[in-house]
Each structure stands twice: as structure tokens, then as C-alpha cells.
Amino acid sequence: MGISGASGVAYGIRLLEVLAEMGSATHLVMTDAARKIIEIETEATPIEVEMMADRVYSPRDFTASIASGSYLFDAMVVAPCSMKTLAGIANGISDTLITRAADVCLKERRRLILVTRESPLNLVHLRNMVAATEAGAIIVPPCPGFYTKPETVEEMVDVVVGRILDLLGADHQLSRRWRTPMSGNAYNDENQMEER
């Protein structure tokens, strides 16, 4: 799990919380900019966020286990993923542990999910997203659906985190799923989960 220096650290923090509740082992790398943004955007401290992970690494620790393809892990999520981090990943520039671990995911054909945060997007951003996608990454702009009629920011965050969990193959009931509209409702309150 990487948290880079972009607005939207709530996505990464919430994902860490849910994965911890599920009993999933997590490794965390936070950039220095991410630490500052956590203090600006949330009530949490960087240390409290670190305590949610099983292992925490310095953003420049290239001796970390996750920097090697021989270390087995299932997937990586960068949430949020700044445009600088995206550019490094898309162009194979492994100058931080986040970009190196992402490069490991791509070369070992492991799942890499990038929750890219920027708006509006310029042509360089779009080309980097295409390059990362062509290399095997999955781009997940944090665009919550509104058919569930979210009433809080937390509910909107959970919609995005639920989509990330789906891509990780994790079973969850974090947010309501789309169902064929019946009686004007886009989902069925009594049975929120589609059968898989």
C-alpha cells in the first residue's frame, strides 16, 4: 500500500482500516508529502495511520522486502496516487520505494491499482495513465457513484474503497451495489449484495 502526496488520503486510510478488519497483511509506504496531507485533511496523525499496517517502510528504503520481485505479495494499491508518482510508475523511474514496488508489480505481473488524484487532467497526465495501463496497471480515479444516495463524505469514500476491494478480489459489504431499478430505487435495501 502506497500513500503519496495528493489530496484524498482518506481513500488510503480507509482501505488500510478495512484490510486490517479483514485480517489482510499490509505493508505501507508513505511519502513525506503524504504525511503532511494526512495532518491537513484528516483528524489522524501519520503515526496512527502507520499503526494500521503490519509493516511500514521509509519511502527511500530500497532494502525493503517489497523492493524485490523475489518477495511474494498479492497486489499493490497506491491511494491516492499523485501525478508525480504516476509519472514515475508509467516511465519506469524507480526513485522511491513506492515507484520501485509498483515496478515490481508490473514486471512480476501482479495487480497494481493506482487511485489517481488530479482534476482537470492535462495531456501528460492522460498519456501517463495510458502508459501505466498498457504496462498492466489499473487506473481507478476516485469517482463515487451517487445511485446509493450517500449522505456523508465517509459513505462516498466507502463507494470508492469498495471498488478497489472488488479489484483486489476481496469480499465485502462496504457499499451498496447497482441493481436493476425497481420502484424507482437503484438498489434493493433488503439485499444489498449481488449474488456472485
Side-chain angles (χ1 to χ4, degrees), residues 1-19 24 26-38 41-42 49 52-53 56-57 59-60 62 64 66-69 71 73-145 156-170 172 174-175:
M1 176 87 202
I3 300 180
S4 68
S7 182
V9 292
Y11 298 112
I13 293 170
R14 181 62 173 142
L15 181 59
L16 275 173
E17 286 177 340
V18 174
L19 290 173
S24 298
T26 54
H27 297 240
L28 174 65
V29 185
M30 286 193 294
T31 65
D32 293 336
R35 291 175 176 279
K36 292 177 183 174
I37 293 173
I38 286 169
E41 292 187 349
T42 76
V49 174
M52 296 176 193
V56 179
Y57 305 97
R60 299 273 176 197
F62 292 100
I66 58 174
S68 173
Y71 183 78
F73 57 92
D74 296 318
M76 180 176 182
V77 179
V78 183
C81 181
S82 68
M83 292 299 102
K84 178 182 178 182
T85 299
L86 170 67
I89 293 167
N91 292 283
I93 302 170
S94 299
D95 60 345
T96 69
L97 184 54
I98 290 178
T99 55
R100 171 56 190 167
D103 192 55
V104 167
C105 280
L106 295 176
K107 77 184 186 71
E108 301 293 334
R109 306 299 190 263
R110 297 177 190 158
R111 185 150 294 194
L112 173 62
I113 299 167
L114 307 177
V115 184
T116 52
R117 270 287 300 120
E118 187 59 272
S119 183
L121 297 168
N122 67 36
L123 186 57
V124 174
H125 301 153
L126 293 168
R127 285 181 173 156
N128 284 335
M129 289 183 188
V130 169
T133 301
E134 288 175 341
I138 301 172
I139 305 295
V140 182
C143 304
M156 293 170 67
V157 168
D158 277 356
V159 171
V160 173
V161 172
R163 297 300 306 272
I164 297 166
L165 291 168
D166 286 345
L167 290 168
L168 292 172
H172 69 92
L174 206 59
S175 59

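Basis for what follows: all heavy atoms, side chains included, without hydrogens, waters or symmetry-related copies. Numbering starts at 1 and runs along the sequence shown.
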Discussion item. Restricting to non-hydrogen atoms, name the atom on T26 and the atom on A53 that form the minimum distance, rounded to 0.1 Å.
Written reply: OG1-CA, 3.3 Å
Worksheet item: Is it true that a side-chain atom of S4 and a backbone atom of T85 form a donor plus acceptor pair closer than 3.5 Å?
Response: no
Worksheet item: Atom CD1 of I93 and atom NZ of K84: how far apart are they, to the nearest 0.5 Å?
Response: 10.0 Å
Discussion item. Let me confirm one number: the CD1-CD1 distance from I164 to I113, rounded to the nearest 0.5 Å.
Written reply: 7.0 Å
Worksheet entry | Heavy-atom donor-acceptor pair, N91 side chain to A87 backbone, under 3.5 Å | yes
Worksheet item: What's the spacing between D166 CG and L168 CG if we round to 0.5 Å?
Response: 9.0 Å
Practice prompt. Go through the structure and list residues passing salt bridge (charged side-chain N to carboxylate O under 4.0 Å, His left out) with R117, not counting sequence neighbours.
Written response: none
Worksheet, complete the sentence: Scanning both residues in full, the closest heavy-atom pair of L114 with A137 reads CD1-CB, 4.0 Å
Worksheet item: For D95, does its backbone N or O pair with a side-chain atom of R60 as donor and acceptor, under 3.5 Å?
Response: yes
Item to complete: Please report the closest heavy-atom contact between V160 and P144, naming both atoms and the distance.
Response: CG2-N, 3.9 Å
Worksheet item: To the nearest 0.5 Å, what is the distance between CZ (R100) and CD1 (I89)?
Response: 12.5 Å
Discussion item. Could you walk me through whether T42 and V9 satisfy the side-chain contact (heavy atoms from CB on, under 4.5 Å) test, starting with their C-alpha distance in whole Å, then the side-chain angles of each, then the deciding distance to 0.1 Å, before giving a yes or no?
Written reply: CA-CA 8 Å; T42 76; V9 292; 3.8 Å; yes
Worksheet item: Would you call V104 and F73 a side-chain contact if the rule is heavy atoms closer than 4.5 Å?
Response: yes
Worksheet item: In Å and rounded to the nearest 0.5 Å, what is the NZ to CG distance from K107 to L112?
Response: 13.5 Å
Worksheet item: Does R127 reach the main-chain N or O of N122 with its side chain, forming a donor-acceptor pair under 3.5 Å?
Response: no
Worksheet item: Considering residues, nucleotides and ligands other than K36, do more than 12 of their heavy atoms fall under 6.0 Å from its NZ?
Response: no
Worksheet entry | Minimum heavy-atom distance between G5 and A33, given as atom pair plus value | CA-CB, 3.7 Å
Worksheet entry | Non-hydrogen side-chain atoms of T96 and T99 separated by less than 4.5 Å | yes
Discussion item. Does this structure show an ion pair linking D74 with R111, if we count only N-O contacts that are shorter than 4.0 Å?
Written reply: no
Worksheet item: Are the side chain of H27 and the backbone of I66 linked by a donor-acceptor contact shorter than 3.5 Å?
Response: no
Item to complete: Check P59 against D32 and note the closest heavy-atom contact, atom names and distance.
Response: CG-OD1, 4.3 Å
Worksheet item: Do T116 side-chain atoms and C81 backbone N/O form a donor-acceptor pair below 3.5 Å?
Response: no
Worksheet entry | From N128 atom CG to E118 atom CD, the distance as rounded to the nearest 0.5 Å | 12.0 Å
Item to complete: List the steps and the verdict of side-chain contact (heavy atoms from CB on, under 4.5 Å) for V115 and V78.
Response: CA-CA 6 Å; V115 184; V78 183; over 6 Å; no
Discussion item. Does any part of the side chain of L165, heavy atoms only, come nearer than 4.5 Å to the side chain of V18, both counted from C-beta?
Written reply: yes
Discussion item. Does M129 form a side-chain contact (heavy atoms from CB on, under 4.5 Å) with M83? I'd like the steps, not just the answer.
Written reply: CA-CA 9 Å; M129 289 183 188; M83 292 299 102; 4.2 Å; yes
Discussion item. In the structure I gave you, are the side-chain heavy atoms of V124 and L126 within less than 4.5 Å of one another anywhere?
Written reply: no
Discussion item. Any heavy-atom pair between the side chains of V49 and L28 that's under 4.5 Å?
Written reply: yes
Worksheet item: Given side chains that start at C-beta, do those of M30 and I38 come closer than 4.5 Å, heavy atoms only?
Response: yes
Worksheet item: Counting only N and O atoms by type, is there a donor-acceptor contact under 3.5 Å from the side chain of E41 to the main-chain atoms of A10?
Response: no
Worksheet item: Below 4.5 Å, heavy atoms only, C-beta onward: do I3 and T31 meet side chain to side chain?
Response: no
Worksheet, complete the sentence: Of all heavy-atom pairs linking A90 and A132, the shortest is CB-N, 4.0 Å
Practice prompt. Answer yes or no: does atom CZ of R163 have more than 12 heavy-atom neighbours from other residues, nucleotides or ligands under 6.0 Å?
Written response: no
Fill in: M76 side chain reached by I98 side chain, heavy atoms, under 4.5 Å
yes
